[in-house]
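Scroll down for the structure; my scribbles are underneath it.
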Amino acid sequence: MINQSKFIKLIVVPVALTMLAVSHTVNASDTTFTCIEQPETKQPCPVELPKDTIQKLKIEAGFGWGIFNGSIYNGNDKYIITQLVVNMTPIHDDHHHMEMMGGMHHDMPHETRTRHINMNLKPLTKGAISMALDDDVVHVHDFKWEVLKAFGHKVQ
């Protein structure tokens with residue numbers, strides 16, 4: 001039987017040191033997060049990809065039922081896409097919303113929001129894209145949206 005002190009020395013300390021050795025900080029947008037490389041998959045931590053990577057994405061998506069969803073094609077041959085940073089601005093049809101909201105249009109959100117959408121999209125492949133909307137905008141029927149940044153890594 002291993003006592004608690006030996007367990008900590010034999011298991012917990014080496015695991016903690018290993019995690020410390022393979023983790024580093026990556027900046028995404030204005031948010032800082034820690035990336036821990038997965039030794040079993042050997043996947044590198046994501047980095048911001050060149051702007052022309054965004055131009056090679058083909059996204060057919062829309063809004064409805066409280067979600068943003070559709071399909072995405074990664075048209076580049078060098079990068080795996082792991083995250084998109086998207087700006088979304090609500091579009092309000094004043095007449096429709098005035099009737100539906102009983103004249104409460106001024107209470108509806110109008111500000112642009114930045115969202116992160118995680119994925120694992122290999123080069124030259126098509127996948128699904130989906131993101132739940134915030135509760136205060138689920139009733140908004142349309143948004144002006146654009147991809148600001150793409151994160152990922154080169155194919156190894």
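Under the ring pair (Phe, Tyr, Trp, His ring centres under 6.0 Å) criterion, Y79 pairs with no residue, sequence neighbours left out. D142 meets the salt bridge (Lys or Arg N to Asp or Glu O under 4.0 Å) test with no other residue; sequence neighbours excluded. A search for salt bridge (Lys or Arg N to Asp or Glu O under 4.0 Å) contacts involving K144 returns nothing, not counting sequence neighbours.
Ring geometry, F68 versus F63: the interplanar angle falls from 30° to 60°, so the pair is classed tilted.
At a cut-off of 3.5 Å, with distance as the only test, a side-chain donor of N87 or T114 sits close to an acceptor on the other residue.
Proximity of L84 to F151: side-chain heavy atoms (C-beta onward) are nowhere separated by under 4.5 Å. Counting heavy atoms from C-beta on, the side chains of L49 and I81 come closer than 4.5 Å.
Smallest separation of non-hydrogen atoms from T82 and G152: OG1-CA, 3.4 Å. Looking at every heavy atom in both residues, I91 comes nearest to F143 through CD1-C, 3.6 Å. Closest approach of I129 and A61 over heavy atoms only: CG2-CB, 4.2 Å. The shortest heavy-atom contact between P44 and Q156 is CD-NE2, 3.1 Å.
Within the structure, salt bridge (charged side-chain N to carboxylate O under 4.0 Å, His left out) contacts touching residues 124-135 (residues at least two apart or in different chains) are R113-D134, R115-D134. Residue pairs meeting the side chain to side chain donor-acceptor pair (under 3.5 Å) criterion with at least one member in residues 59-77, sequence neighbours excluded, are N74-N76.
Partner of K149 under the side-chain contact (heavy atoms from CB on, under 4.5 Å) criterion, chosen from E48, H116, Q83: E48.
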*CA sep, side-chain torsions, deciding dist, call: I67, L133, side-chain contact (heavy atoms from CB on, under 4.5 Å)*: CA-CA 5 Å; I67 60 172; L133 299 177; 5.6 Å; no
*Could you walk me through whether M131 and M88 pass the side-chain contact (heavy atoms from CB on, under 4.5 Å) test, one step at a time?*
CA-CA 12 Å; M131 176 188 64; M88 303 176 355; 3.3 Å; yes
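For the atom pair L148 CG and E146 CD, the distance stands at 5.0 Å (nearest 0.5 Å).
V155 shares a hydrophobic cluster with I80; the chain of contacts runs through ILVMFWY side chains whose heavy atoms sit under 4.5 Å apart.
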